[in-house]
Each structure stands twice: as C-alpha cells, then as structure tokens.
Amino acid sequence: MTDKKTLTHLERLEAESIHIMREVVAEAEKPVMLYSVGKDSAVMLHLARKAFYPSPPPFPLLHVDTTWKFRAMYELRDKMARESGMELLVYQNPEAKERGINPFDHGPLHTDMWKTEGLKQALDLYGFDVAFGGARRDEEKSRAKERIFSFRTSTHGWDPKNQRPELWNLYNARKKKGESIRVFPISNWTELDIWQYIHLNDIPIVPLYFSDKRPTVERDGLLLMVDDERFPLKDGEEPVMRSIRFRTLGCYPLTGAVESEAKTLPEVIQEMLLTTTSERQGRVIDKDGGDASMEKKKQEGYF
Amino acid sequence: MTETADPIYKTDALIAEDIDAYLEAHQHKSLLRFITCGSVDDGKSTLIGRLLYDSKMIFEDQLAALEADSKRVGTQGQEIDFALLVDGLAAEREQGITIDVAYRFFTTEKRKFIVADTPGHEQYTRNMVTGASTADLAVILIDARKGVLTQTRRHSYLAHLIGIRNIVLAVNKMDLVDYSQQVFDDIVADYTAFAQSIGIESFVPMPISGFKGDNITANSANTPWYTGKPLIEHLETVEVDVTADQAKPFRMAVQWVNRPNLDFRGFSGQVATGTVKPGDAVRVLPSGKTSTVSRIVTLDGDLEQAVAGQSVTLCFADEIDCSRGDVIAIADTPPEAANQFESTLVWMSDEPLHVGRAYWMKLGTQMVSVTVQAPKYVVNVNTMEHLAAKTLELNAIGVVELATDKPVVFEAYTQNRTLGGFILVDKINNNTVAAGMLHFSLRRAQNVHWQALDISRDAHANLKNQKPAVLWFTGLSGSGKSTIANLVEKKLHRMNRHTFLLDGDNVRHGLNKDLGFTEADRIENIRRVGEVAKLMADAGLIVITAFISPFRAEREMVRAMIPDGEFFEIFIDTPLAEAEKRDVKGLYKKARAGDLKNFTGIDSPYEAPDSPEVRIDTTKMDAEAAADAIIERLLGWH
C-alpha cells in the first residue's frame, strides 16, 4: 500500500457536488440549472462543467430575468453560456413586462412577479422536472436542515412535512408525473469555501464583487449604484463616485453596496473574514432583492 | 463571560497580515463530519454552541444578542447560554415542520467540520441514523451526574449499527461533579462493559464541560489527572473514513456513461473504496468483463491516480459493455453479485413494512425491485433485546431476509458502505421508507457472470413484427371499457397484431382468486395484473387490460414497471350520471341501495388520470370510433 492521500475539504465538497449532479442527470427526465450569475451560481456552473467533462453539461442554464440586473451581470451571463457550450434560456414574465413592473414603483410586487411567478412559469413552460439551485446550508439557521433533494408538488408547492430522509450519498429521485425536485448540489459549502474555490480555480465572477469607483447615491441607509439611466434621481440627488463593491448581486436598485478597497479575491476574502458583524450575511439585501435573501428564495420556491 | 483563554482559531493575525498565507493554509485543511448524540439535558446544544463560539463562527452583534438573551431567558444565570445559539429550530418544530437533521459548519486551524445535530426525541432513531450515515465520528454525551443511561446505550447502539468507527465518550458537566476523577472512571468502566457487549471495539473517553470550556480546546487545569487529548485536538487528528477506505480494494459504482462523441467513452462515478491508476486491470460487475484503465479524465487534466471519495471519469483500453448500475472493481478481487440477502432495516415511514410487497431498492447506483420477508426479529434499542415482530413500524430496527428481482453487486455493509448500504422506496408514493445494511448473501449467485437471456426482449417482438405495448383502460364501472377494449383487440387481430386481453373475468377467477376487496388486496390485484402485462409485453405482445383501476397510485405503479413509451393509459371518460343511467349490470342500483359496499363512484372515489395517453369521451364518440382513435394513437407511434 502506498501512502494515503488526504483529500482536502474542497476536494471532498467538489466530489460530493459532482456526484449529486451526475445522479440528477442519470435519473431526471429534463433537468435545468437555475443560473443567477452570482458567485454561488458561478461555482455551481464550474462544478457542472467538471462533472460532465469532456461533454458539456447535458442540461440548459435558465436565467429568470427581471430586466433590472446589473449590466455587468448580463455581460458575464452571456459570456459564460458561450464558454460552457450550454444553451442559455432567459425567461422574463410577459405580464410583468407588459405592466412595466419595476423595483422603484412596485416594491415587493417586483420580486413576486418577475422572480417567483417568472420561475414557475418558466419551469412549466419548458417542462423541467429537476432544477439545480445554488442555495447553501450555512446561509441561514433555518436552512441548516434543508434537504439536498427538495420535493415540489405539481403546483410547485413545498410540503415541509413530506420531505424524504437522505442517507449516505443515496438520493431518491423518483417522483410522479408533474412533480418536480429542486436540487442543491452546494448545500454543504460555506461562504468561505465558495470564495476560496473561485480563487483556486480562477472562476470568472462579475467584476462588481471587486472594489472600483462607481456612481452611487445613498438612500435609506443603502448605498445604491446608478447602473443605468432608468434610475430615477430625486430632487437634489447627485450620483457620487465612491469606491464600492457588492457582497451579493441582485436587481441593482435593490442591492446595497459596501465601501471597500478590496480589488482582488484575497482582499475580498480578507475583508469578509475580518468583518466582525454578521452584516456580511447580507443584511441590506435581506430586506428585499438580492441573492442572499432567504425570504425571497423561499418565495421563489428555492426552499 | 466564560473562559476563552484558548481560542482554537488563532489565525486572525494571519488574515490581517498575510491573507495569501492564510488561504494557502486553509486550502489544505481536511474535512471531518461528525454527529453529536445526546439530549438537550446532556448539554449537546451547549457543546455545539461552544464549538461555534470558540471557532469564531459567531459575530459581535450576535454575541451581544446572545448575552442579552442569556440574561433574559437563559438557563445559566448571568453567564452565556451557548445552547441559545443552536436553538433556531424550536420555532419551526412548533410550526410542525419535520426537523430531522440540522448541519452546522465550523473551522479550526487544521480542519473544517460539518456537525450533524439531531434534535428531538420522538423521531430519534430515524433522525440519528440519517445524521450518522455521513459521519466519520460520533460524540456521545453523558451527563457526569447521571452516568450511563438508557439513551446513552441507544445512541451508542445506533452509532455502532451505522458503522461509525470513531466514538468519543464525552463525559460532560464535569464542573458539576467537582472534576472528580472517580466519577469519570466509574462512568468509563460502566460504559466499557456495555460497549463490549454490543461489539464496540474501542472508544475515546474525555472529561469535559461544554459550558465552562474544560478539555474542549486545551487540556484543562481542572482535570490534571486527564492525560488524553482535548476534544478539538482529537477531532482534528482522527483519521477520516475516506482516507481509511483507500486501503480497501478498488470499487466504483458507475453513475453515468460519458459519450460526447464516437471517439470518447468514459464511465463516471465516485470512487467508493481503494485507489485506481491508469494501467490497472479492472473488472465490470455483474458482467465480469475485464479491461485496463487507460485514462482518468478530469477538466483539470488527466490524473495519475484517483482515491476513495473522488468523483472521476475512467476510460478503458477495450470497448466493453458498462453502464449505470454496474460496478467497476479491481480485476483480481471483485465483489460478488447475489439476489437474496440478510440485512438490517431501519424503518422510516409512518406506513409499516408490507411483507411481500415489492419496493424499489437503491444501492449505490443500482435500482432493483425487492421484496422483504417477515422480520426474523426486531431490536429494542433501549435494551438491545431481540423481539418477535410481524412487521416493522416507524423507527423499528429489524433483521430481515430480502430478495431482489435481479442480481445486485454488493459487499457487506461493514466492509463497504457504498455497496452495502441501501434505501427502500415505496413504489406507489415514491417515499424513502427504510434504510438498510446488508450482512451477507443467503445463496450465492452461482456465477458472477450474469447470463443474459439468449432470446432477448427485442427478439420476441421482432419475430411478431411489432412493438410491444400495454393498453391500460381505466374508467368507472359501466363506462364502456370492456366493450371498447374488445373492439380494439378484434381490430388489431384483423391487422395481424399479436394481442392479449386481460380483464376481471379471466384474472379474478384464476390468478387472483385468492384476493378479496380490501385495499391491500386491490393493490395486489393491480400489481399482479401489471406484472403479468409486463411479462406478456416482454414476450412481444400488445397487452390490453380493462380494470376500473380507480387509484392513480396503482396506475402509476404499473406505468413504472413498463418500459418508457410502451404504457398507454386510456381513460374511458364517461360521467358518473351517464354510467349510472346505463347501469348495464344493475350494479349502481345495488350500490345506491347499500347492498354493494366500496363501489367506485358511489362510496369509493375514482381518481381520473391527469394526463392519459388517450382520453375517450363516450358522450361524444361511439365505441367503434373510440377503438379507431386508440389504434391510431398506438400505431402512429409504431
């Protein structure tokens, strides 16, 4: 027997995520990967490419779009779809589009119509039976007990009393026609794991995660970035150039920035680790939009 | 404040001064998964809270809130009540959400940890087995004031049952017994006797206080007589299972065949045990074919070696058959295949085991149909007594014999969790109903080289010049099923198709004459009809069945038995009022008069199909037209 090799925690997490993705592809009829263009999505997509290499991942990417994402997100989204050789499906709720639903005038209805309804419509339209999502157990106390395979009724309902026990690495993917499963392959990753993996694997992420001088206004204690001309400035409001970056990315009018000088990944990680308040968990965006908002994810049916 | 003199997370300075060095160190950390066993009274939440606290997984504002809460609602006077950190699940429990296992994460300088925490008492067996199934180590907590209790024995038995090699006996609350060595030694002696009686070969005892922090991150001055490692150091250094598994022979269950083009054919899976290198001679089970590994392919380039725990894609030097469910093993010591086993089962469903009913068994990547015999015995998890039982109820642990419908490549669970651990899935509602651990095979398959039938399914069908199909008619009594089914068969016969019609008359009088009309019997009736239809379809026939088959679950059960695209659910849609008006056999009149019980449509429900392959509205179409429409659908697919 030669010397044993000790797998690092990232190697083990990677192997587990790849195993989960392959199980889904082997057992699902029509899987899809929900792709939000954030850092967790970036890692999930990279893992999918590893899982099926040299084949391209045998499922499409689905971006449930609100039309209000940062421009830089749309750029990276299209680039990553091209590089991965995967089909990119972009779905925009036609009713939200027609009614001109936007985060400035419609508050919670914006998220509800574009994202929650949009996701359900898209899944029904294409008939996907399994959707990969990038949620993690460390995001919030209440997610700590979430299954990796989460079952939905034919109306996308989640019955918390009727979820299946998960033992070893055996996942039960059987379901009736019309039922669907949300699968979270990076459940056991922490925020630090995500960043470190991005760093080690040189995974492209949206530049907004890094500090730069950007036009901002301050509103209700949030630093908002004026990303395009649709941002309605109030009387006397003047965009100010500040060194900012984002910890999570969602709809730009709903996502608060932090002032920061972190221009590289190690600096971003350093800032995250040295933050002594749990604000880094994304307090700002928990209130409304943004990828880390648990409430929103529950609404969207991520749970 | 309690003592925090020995933080286990000394890297703050490194993060601030040299983030690259910190990241370099962090990326090489290994991972240990463990489970904590014990009730709230034993200080389990306090211990987990302490670990999170000492490893700086708690932020200043959370800490401030914790201090405030501790003073307000805590059970520890003015001191910090760590238990409050992990009690986020209480509210959910009140809302009726099932909490089985919560996972928590923390990091020390040497390792990353995932802790499985299983709260609650009621579902304890199911929850603990679930949490323990992925654990390398179990921390069994004992209250030093109480010693070895019934629940200590239960936790230890379950940890041992699920195959956890590393057991830590944490004698907690040592501060409340004045750190008495005598108390500790007595408890360890008690536990040793018990552990040996159930086959636990070794364990590591430690005197600790989760609340005060004794022997958690550093050896405590309060227990100078304790010379072992503090808890964290033990957790940081114990060998994890995936590493230990590298010493076993190579096995990998094939998950997926990777075939991007004609020039590449790879077999993807996660290495279960052992190691593999290009050039290794391997055998594919159950076929027994051999080849040599030519490449280990990953996105980051080919590997020179893959070890247990890694997800890889293997290529072979020869073109041999290998697909999902097969096991790739080192050529000279392959695992066996068998179809009858003795096994332990942990029952996890509210619905008890139905002896003799077929369940799906998922073992590795193999999915087979399995039937379970009546338990040889069940184990009382509090006393370890063996008791007689006719079935297995929720949380029961029993030893059973089971038989699969085809050979399964396996190893004893104690040798290989991947090839010995399995789940059972209910074929009707698809729930995971049990976890199992194989002991041994009862009758060895005579030859691991499983012989394929010489005359294949396709050969049967080709001779008849047709594609097999099952036309499954469903609808109310008197809806016209039999009439239309008979017409369909006549027309197909005229078209030189080989058919067979199964209906109540030719089945209930023979094959199923032992069955009555209880729910279980009605399920069994449909199951047998389904199995017969499947055999006939295997023989190449077009099978037509005409049964009310009122329940969606039963029809779905049969659909799952038949190959994709060969099952046609034909809904003869006649409204109740119309069927009752026709009342060809006078049955509705009897049912209305109360002379006929459980009559579908009257006092027993009919669940209409959601999306049948064919729907016939008999109020708009006569039997002749209906039969033509069904044949058109069938042959349109031919």
Side-chain angles (χ1 to χ4, degrees), chain A residues 1-2 4-15 18-19 22-23 25-26 49-56 137-138 141-142 144-145 154 160-161 163-170 172 174-178 187-188 190 192-193 196 199-200 266-267 269-270 273-279, chain B residues 15-16 19-20 23 26-31 59-62 88-89 92 96-105 112 114 126 129-130 133-134 242-243 246-247 255-256 258 260 264 268 270 297-299 307 309-311 324 348 360 362 365 417 421-423 425 430-432 435 556 610-611:
Chain A
M1 195 61 219
T2 49
K4 288 178 186 169
K5 170 186 161 71
T6 304
L7 298 180
T8 68
H9 66 291
L10 287 174
E11 286 172 328
R12 283 186 66 189
L13 290 170
E14 178 188 81
I18 288 174
H19 172 83
R22 288 170 174 170
E23 282 300 287
V25 162
R49 295 175 73 180
K50 283 198 174 189
F52 303 102
Y53 178 84
S55 296
R137 282 173 173 154
D138 84 322
K141 241 193 242 181
S142 69
K145 52 153 186 62
S154 52
K161 292 180 187 173
Q163 300 291 315
R164 302 166 180 178
E166 289 179 342
L167 294 108
W168 300 291
N169 61 358
L170 291 175
N172 170 8
R174 294 194 72 83
K175 61 193 177 321
K176 293 177 191 158
K177 266 204 164 52
S187 283
N188 283 329
T190 64
L192 177 57
D193 297 331
Q196 181 134 38
H199 182 48
L200 286 174
E267 285 167 5
I269 296 171
Q270 184 175 38
L273 288 174
L274 292 178
T275 305
T276 52
T277 66
S278 60
E279 190 180 323
Chain B
I15 293 170
I19 184 67
D20 290 323
L23 289 176
H26 181 71
Q27 84 183 53
H28 291 106
K29 288 176 188 171
S30 59
L31 172 68
F59 298 96
E60 278 173 7
D61 51 346
Q62 288 177 324
L89 299 171
E92 290 165 350
I97 296 176
T98 312
I99 301 162
D100 32 25
V101 191
Y103 296 93
R104 308 188 186 282
F105 306 83
K112 184 188 146 156
I114 301 179
R126 166 185 154 143
V129 167
T130 303
S133 72
T134 50
V242 283
T243 309
Q246 288 175 32
Q255 287 185 279
W256 189 70
N258 194 335
F264 186 92
S268 301
Q270 187 170 17
V297 179
T298 78
L299 176 69
V307 302
Q310 281 183 299
S311 286
R324 177 173 171 85
M348 300 192 157
W360 293 116
K362 186 171 186 185
T365 58
R417 287 192 191 191
F422 62 90
I423 55 172
V425 176
N430 293 321
N431 285 334
T432 303
E556 288 306 313
D610 291 329
S611 47

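Letters A, B, ... are given to chains in the order of the sequence lines, protein chains preceding strands, and every chain is numbered from 1.
Between A/Asp193 and B/Lys112 there is a salt bridge, with a side-chain nitrogen of the basic residue lying less than 4.0 Å from a carboxylate oxygen of the acidic one. Look at B/Arg324 and A/Glu23 and you find a salt bridge, because one of the NZ, NE, NH1 or NH2 atoms lies within 4.0 Å of a carboxylate O, short of that distance.
The candidate with the highest count of non-hydrogen atom pairs below 4.5 Å against chain B, out of A/Lys176, A/His199, A/Gln270, is A/Gln270. Taking A/Ile269, A/Leu7, A/Thr6, A/Leu10 one by one and counting their heavy-atom pairs under 4.5 Å with chain B, the maximum is reached by A/Leu7. Of the residues considered (B/Asp610, B/Leu23, B/Val307, B/Ile114), B/Leu23 shows the highest number of contacts with chain A, using heavy-atom pairs under 4.5 Å. For the options B/Gln27, B/Gln310, B/Glu556, B/Arg417, heavy-atom pairs under 4.5 Å to chain A are most numerous at B/Gln27. Listed options B/Asp20, B/Thr134, B/Asn431 were ranked by heavy-atom pairs under 4.5 angstrom with chain A; first place goes to B/Asn431.
Checking side-chain atoms of A/Thr8 against main-chain N and O of B/His28 turns up no donor-acceptor pair under 3.5 Å. Judged by distance alone, the side chain of A/Arg22 and the main-chain N or O of B/Gln270 form no donor-acceptor pair under 3.5 Å. Checking side-chain atoms of B/Gln255 against main-chain N and O of A/His19 turns up a donor-acceptor pair under 3.5 Å.
Within the 4.5 angstrom heavy-atom criterion, only backbone atoms of A/Ser187 (N, CA, C, O) approach chain B. Interface residue A/Gln196: only side-chain heavy atoms are found under 4.5 Å from chain B. Within the 4.5 angstrom heavy-atom criterion, atoms from both the backbone and the side chain of B/Thr243 approach chain A. Only the side chain of B/Phe264 comes within less than 4.5 Å of a heavy atom in chain A; its backbone stays farther off.
Closest of all the heavy-atom pairs between A/Leu167 and B/Ser133 is CA-OG, 3.4 Å. Contact detail for A/Pro54 and B/Pro260: the closest heavy-atom pair is CG-CG, 3.9 Å.
Distance check, rounded to the nearest 0.5 Å: NZ of A/Lys50 to CG of B/Leu299 gives 6.5 Å. Taking CG of A/Asn172 as the reference point, atom OG1 of B/Thr432 lies at 3.5 Å (rounded to 0.5 Å). The distance from atom NE2 of B/His26 to atom CG of A/Leu200, rounded to the nearest 0.5 Å, is 9.5 Å.
No side-chain heavy atom of B/Met348 sits under 4.5 Å from any side-chain heavy atom of A/Arg164. Side-chain atoms of A/Asn188 and B/Phe105, non-hydrogen and from C-beta on, do get closer than 4.5 Å to each other.
Listed by chain and residue number, A/Glu11 satisfy the salt bridge (charged side-chain N to carboxylate O under 4.0 Å, His left out) test with A/Lys5 (two or more places apart in sequence, or in another chain).
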